[in-house]
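Sequence lines set the chain letters: A, B, ... in the order given, protein chains first and strands last, and positions in each chain run from 1.
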There are 2 protein chains.
Amino acid sequence: MSPVLAPDLLRGAGLRVTEPRVAVIEALDGMPHAAADAVHAKVAAHRPDLSIQTVYNVLRDLTGRGLARCIEPGDHPARYELRVGDNHHHMVCSTCGTIADVDCVVGQAPCLSPDDDHGFAVAVAEITFWGLCRDCQAVAVKAAAAVPIHD
Amino acid sequence: MSPVLAPDLLRGAGLRVTEPRVAVIEALDGMPHAAADAVHAKVAAHRPDLSIQTVYNVLRDLTGRGLARCIEPGDHPARYELRVGDNHHHMVCSTCGTIADVDCVVGQAPCLSPDDDHGFAVAVAEITFWGLCRDCQAVAVKAAAAVPIHD
DNA sequence: TGCCATCATTTGAGTCATTCAAAATAACGG
DNA sequence: CCGTTATTTTGAATGACTCAAATGATGGCA
């Protein structure tokens, strides 16, 4: 299914191969941009006693070793993806927090160099597109139509 | 001091002129990119009984009426600025959360149009530069020098 | 100039995502 | 197969922020 198997990923990163870690990686492979509780819900379907704390631990270890990437959109809970190494960006739904990848942005390279770095050692430029996903657009339209003339 | 006076800003936005609101605006004028607790600390110097809840309320009202802008960098607490209306970006220190404005980014306009919008109605493109501020660079260098050969 | 409806502030409790810490358990090199 | 060390579990705690009810102040209007 996945081109690279979870155990190999883990060993390659110097992490022990454990069942929770494999399960989290496979969950993330099937649902990119999932939040910790969503990962937990999916994993817990097969293994109800796996604690959410373990999911947090695993996600921390994966991101720490560069096997996963953490996305923290505004005040939405953090989300995780296995797609690392390429500098892609994200589109986030302001309402529900749904995330989509943005593979390529025209003019991306120039964005990496602000005119004045204020003494900062800039490591990365992160671009986030905010908007409404298809579902939330539909809900917004419906809600607008239901609003009476007054109030 | 400030080109526009706080009471005028408030009235213009349809908000009542109250002492906490004026105080928060003036604090923000003197310390852009301040977090709620920093604003509270500054305001409380003159008015010790002003609750942090009120600061949260005021900041919510100001951002809601477009008088202030809220910046939410990753897992750092939210920060606020009075500079609104222009689409400027930010440089954030990964360590301490310090923020600097980035006035102009070459290639900014193209960034507003992702190749594939995945059905999203994109409203804004937000660019965040992550790095280390001058102070945290110095600390990092010092810490690296203090690390022994082993461990 | 004073009244009062409405908007603000205060107080105190509650939420959520996430982290901390100690004890129990499991991976894997030898 | 064993022991060391990493990992998981359990349970509690944190920080940033929100909710809600009661009190207080603002400013339009008479």
Report yes if a side-chain nitrogen or oxygen of [X] is closer than 4.0 Å to either non-bridging phosphate oxygen (OP1 or OP2) of [N]; otherwise report no.
| X | N | result |
| --- | --- | --- |
| A:Arg47 | D:dT9 | yes |
| A:Ser51 | D:dT9 | yes |
| A:Thr18 | D:dA6 | no |

Given [options], which nucleotide is nearest the side-chain atoms of [X]?
| X | options | value |
| --- | --- | --- |
| A:Gln53 | D:dG11, D:dC17, C:dT18 | D:dG11 |
| A:Ala78 | C:dT9, D:dC17, C:dT18 | C:dT18 |
| A:Asn57 | D:dT9, C:dT18, D:dC17 | D:dT9 |
| B:Tyr56 | D:dT18, D:dT8, C:dA8 | D:dT18 |

Rounded to the nearest angstrom, tell me the gap between atom [atom1] in [X] and atom [atom2] in [N].
| X | N | atom1 | atom2 | answer |
| --- | --- | --- | --- | --- |
| B:Leu62 | C:dA8 | CG | C1' | 13 Å |
| A:Arg21 | D:dT7 | CZ | C1' | 6 Å |
| A:Asp61 | C:dT19 | CG | C1' | 14 Å |
| A:Glu72 | C:dC16 | CD | C1' | 15 Å |
| A:His40 | D:dT8 | NE2 | P | 13 Å |
| A:Glu19 | C:dT25 | CD | C1' | 14 Å |
| B:Asp49 | C:dG12 | CG | C1' | 17 Å |

Inset, instruction - For B:Arg79 and for B:Leu15, find the nucleotide of DNA chain D with the closest heavy atom, then tell me which residue's nucleotide is more 5'. - result: B:Arg79
Inset, instruction - Locate the shortest heavy-atom distance separating B:Phe120 from A:Cys93; write the atom from each residue and the value. - result: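 The answer is CE2-N, 3.4 Å.
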Inset, instruction - On DNA chain C, check which nucleotide each of B:Asp75 and B:Leu50 is closest to and give me the residue with the more 5' one. - result: B:Leu50
Legend entry - Under 3.5 Å donor-acceptor pair, B:Arg60 side-chain atoms to D:dT18 base atoms: no
Inset, instruction - Look at the side chain of B:Arg16 against the base of C:dC7 and say whether a donor-acceptor pair falls under 3.5 Å; ignore hydrogens and angles. - result: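 For B:Arg16, whose side chain was compared with the base of C:dC7, there is a donor-acceptor pair (under 3.5 Å).
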Inset, instruction - For B:Ile52, answer base if it contacts any base atom (sugar-phosphate contacts may also be present), sugar-phosphate if it contacts only those atoms, and nothing otherwise; contact means non-hydrogen atoms under 4.0 Å. - result: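 The answer is nothing, as B:Ile52 stays clear of every strand by at least 4.0 Å.
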Inset, instruction - Please check if the side chain of B:Gln137 supplies one atom and the backbone of A:Gly119 the other of a donor-acceptor pair under 3.5 Å. - result: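 Here the side-chain-to-backbone pair exists.
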Inset, instruction - State whether the side chain of A:Arg69 and the backbone N or O of A:Thr63 hold a donor-acceptor pair below 3.5 Å, judged by distance alone. - result: no
Inset, instruction - Determine, step by step, whether B:Arg47 and B:Glu19 satisfy the salt bridge (charged side-chain N to carboxylate O under 4.0 Å, His left out) criterion, reporting the C-alpha distance in whole Å, the side-chain angles of both residues, the deciding distance to 0.1 Å, and the verdict. - result: CA-CA 10 Å; B:Arg47 210 186 170 280; B:Glu19 190 249 309; 2.3 Å; yes
Legend entry - Donor-acceptor side-chain pairing of A:Glu81 and A:His90 below 3.5 angstrom: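 Yes, side-chain donor-acceptor contact under 3.5 Å.
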